[in-house]
Participant: 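This is the structure I want to talk about, given as C-alpha cells.
In listed order, ligands and their atoms are each counted from 1. Note: hydrogens, waters and symmetry copies are ignored here, and every other heavy atom, side chains too, is used.
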Amino acid sequence: MSEKILVTGPFGQIGTDLVPELQRINGKENVIALGHRNIPADFDGVLEKGDVRNPDDMARIFSEHSITQVYHLASLLSAIGEDKPDLAWDVNMNGLKVVLDEAIKTNVLVFWASSIAVFGPTTPREKTPQRTVLEPTTMYGVTKLAGEMLCQYYFLKYGLDVRSIRYPGIISYKAEPGGGTTDYAVDIYYKAVKNEKFTCFVNQDTTLPMMYMDDAIKGTLQIMDAPFEAIKVRTSYNHGAISFTAKELEDVVRKHSPGLVVEYAPDHRQAIADTWPMSVDDSAARNDWGWCHEYDLEKMTIVMLEELKKKFQQ
Ligand code: SER
C-alpha cells in the first residue's frame with residue numbers, strides 16, 4: 001500500500017524542497033500539501049486548504065485522504081517569534097498538539113521539525129551533546145523544547161511513532177527562509193549573485209551550525225525510513241553538518257564571487273545567535289539511523305552560486 005503523506009508548511013524553506021522529493025518518491029497524487037496563506041500560483045500537486053491549529057480542518061484532511069504519514073513543518077522561526085511571541089506559541093504549540101492528536105487516531109507516522117534553538121546560553125556551545133542543559137531564551141526555542149517533550153510524551157503514552165530532528169541553519173536556493181536567525185548565511189549568496197552589498201546582521205566571529213538543503217532533505221527522509229527500533233531518541237536528534245564563522249563564509253563566497261562587498265552590522269539577532277551552539281555532536285543520529293552529510297562549505301557555495309545565477313537569469 002502506498003503512503004499518503006501530508007506536509008504542513010509545504011511552501012516554507014524546507015517544504016519547498018521536501019514536497020517535490022516526496023512527490024518523486026511516492027507519486028504526486030500521494031502527497032498532500034496543506035496550504036494556509038501564500039500558496040504559490042505554480043504549485044503542482046494535491047493541495048488542501050486548512051490551518052494546523054484547527055482540529056476540524058485536520059480531522060477532515062486526515063480522514064478524506066487516509067493519511068499515513070505527516071511531515072509537520074509549519075512553524076514560526078526565531079526572529080519573527082520574538083516579534084510575535086503569542087502567534088509563535090499558538091502556531092508552534094497548538095499546531096503540533098492538533099497534529100499529534102489527529103495522528104494517534106489512526107497511528108500516523110509523524111515527522112516534526114525541531115531546532116538548535118532548544119539550546120540556550122547555559123548549554124555547552126561546542127560539540128553540544130545530544131543530552132544536555134536545555135534552557136532556551138527565545139519563544140521559538142521555548143516552543144521547540146516544549147514540542148520535543150510533547151512528542152516524547154505521545155510516544156510514551158500512546159505509542160505514537162513520532163520522529164524529530166533538531167535542524168541547524170539550513171542553506172538553500174529555492175525558497176528563502178523567513179524570520180530566522182541563521183538567514184544571513186543564505187542572504188549572502190543572493191547578494192553575491194545580484195552584485196549587491198551584503199550587510200550581515202551578526203558579527204564576523206559568529207559561528208553557528210549549518211547544513212545544505214540536500215543534506216537536510218536526505219536526513220529527514222532517512223530518519224523516516226529507519227526501522228522503528230532504530231529510533232532511540234524520542235525527543236529530537238541533534239543533526240549536524242558544518243560550522244563556520246560569518247567571516248569564513250564571506251571568504252569562501254568571495255573566492256567564487258570576487259566582487260562581494262560585506263559590512264557587519266549586528267542587530268537584535270546577534271543576541272539570539274550568541275545563545276545557540278557553535279557546533280553539535282550528532283553521533284546519536286549517525287549511530288542510530290546512519291546519518292552522514294555530504295556538503296562542506298566549499299561544495300555548498302559552488303552549488304548555491306550556480307543555482308542562484310540560473311534563478312536570476314530566467
Ligand atoms: N533557522 C532557524 C532560525 O534561525 C533555526 O532553527 O530560526
Side-chain angles (χ1 to χ4, degrees), residues 8-9 11-18 71-85 87-89 91-93 95-96 111-121 123 125 128 134 136-148 151 164-190 200-203 206-217 219-220 235-246 249 266-280 282 285 293 300 304:
T8 75
F11 310 120
Q13 191 196 10
I14 297 173
T16 298
D17 276 87
L18 183 65
Y71 287 80
H72 180 39
L73 306 176
S75 180
L76 263 72
L77 290 182
S78 58
I80 187 124
E82 291 311 289
D83 287 345
K84 299 177 178 175
L87 185 65
W89 177 268
V91 172
N92 296 7
M93 293 313 316
L96 176 61
F111 176 84
W112 179 67
S114 187
S115 159
I116 51 167
V118 294
F119 303 116
T123 304
R125 293 190 69 207
T128 300
L134 296 169
T137 50
T138 60
M139 178 54 96
Y140 176 65
V142 168
T143 64
K144 290 296 175 188
L145 177 55
E148 288 190 6
C151 288
S164 176
I165 280 174
R166 290 170 179 156
Y167 289 118
I170 296 175
I171 296 168
S172 66
Y173 61 86
K174 283 191 191 153
E176 288 183 62
T181 301
T182 55
D183 294 6
Y184 65 92
V186 180
D187 205 22
I188 188 170
Y189 292 104
Y190 279 80
C200 185
F201 61 71
V202 294
N203 67 40
T206 302
T207 307
L208 288 170
M210 301 280 181
M211 182 181 290
Y212 181 57
M213 180 63 91
D214 285 14
D215 277 334
I217 298 297
T220 305
T235 50
S236 188
Y237 278 94
N238 282 5
H239 194 221
I242 45 183
S243 286
F244 41 79
T245 64
L249 173 65
D267 66 13
H268 58 284
R269 290 167 283 191
Q270 181 73 53
I272 299 176
D274 288 343
T275 70
W276 288 355
M278 296 190 280
S279 60
V280 295
D282 60 357
H293 71 279
M300 174 176 79
M304 282 295 290

Participant: For T181, take its heavy atoms, then give the atoms of ligand 1 lying under 4.0 Å from any of them.
Facilitator: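 Selected atoms, number and element: 3 (C), 4 (O), 7 (O).
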
Participant: Classify the side-chain pair S279/S243 by whether it contains a donor and acceptor separated by less than 3.5 Å.
Facilitator: no

Participant: Would you check if L249 and I188 make a side-chain contact, meaning some heavy-atom pair closer than 4.5 Å?
Facilitator: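 In short, these two side chains touch, coming nearer than 4.5 Å.
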
Participant: Return yes if some donor-acceptor pair links the side-chain N/O of N238 with the main-chain N/O of T128 below 3.5 Å, else return no.
Facilitator: yes

Participant: Using a 4.0 Å cutoff against the non-hydrogen atoms of S115, which atoms of ligand 1 qualify?
Facilitator: 5 (C), 6 (O)

Participant: Give me the residue, atom name and distance of the protein heavy atom closest to atom 2 (C) of ligand 1.
Facilitator: T182 OG1, 3.9 Å

Participant: May I have the step-by-step check of side-chain contact (heavy atoms from CB on, under 4.5 Å) for Y71 and L18, ending in yes or no?
Facilitator: CA-CA 9 Å; Y71 287 80; L18 183 65; 3.6 Å; yes

Participant: Any side-chain donor paired with an acceptor under 3.5 Å for S236 and K144?
Facilitator: no

Participant: Is the shortest N/O to N/O distance between Y140 and ligand 1 below 3.5 Å?
Facilitator: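 Checking ligand 1 against Y140, an N or O pair does fall under 3.5 Å apart.
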
Participant: Using a 4.0 Å cut-off to any heavy atom of S78, which atoms of ligand 1 qualify?
Facilitator: 3 (C), 4 (O), 7 (O)

Participant: Counting heavy atoms only, which part of Y184 comes closer than 4.0 Å to ligand 1: side chain, backbone, both or neither?
Facilitator: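 The answer is neither; Y184 stays 4.0 Å or more away.
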
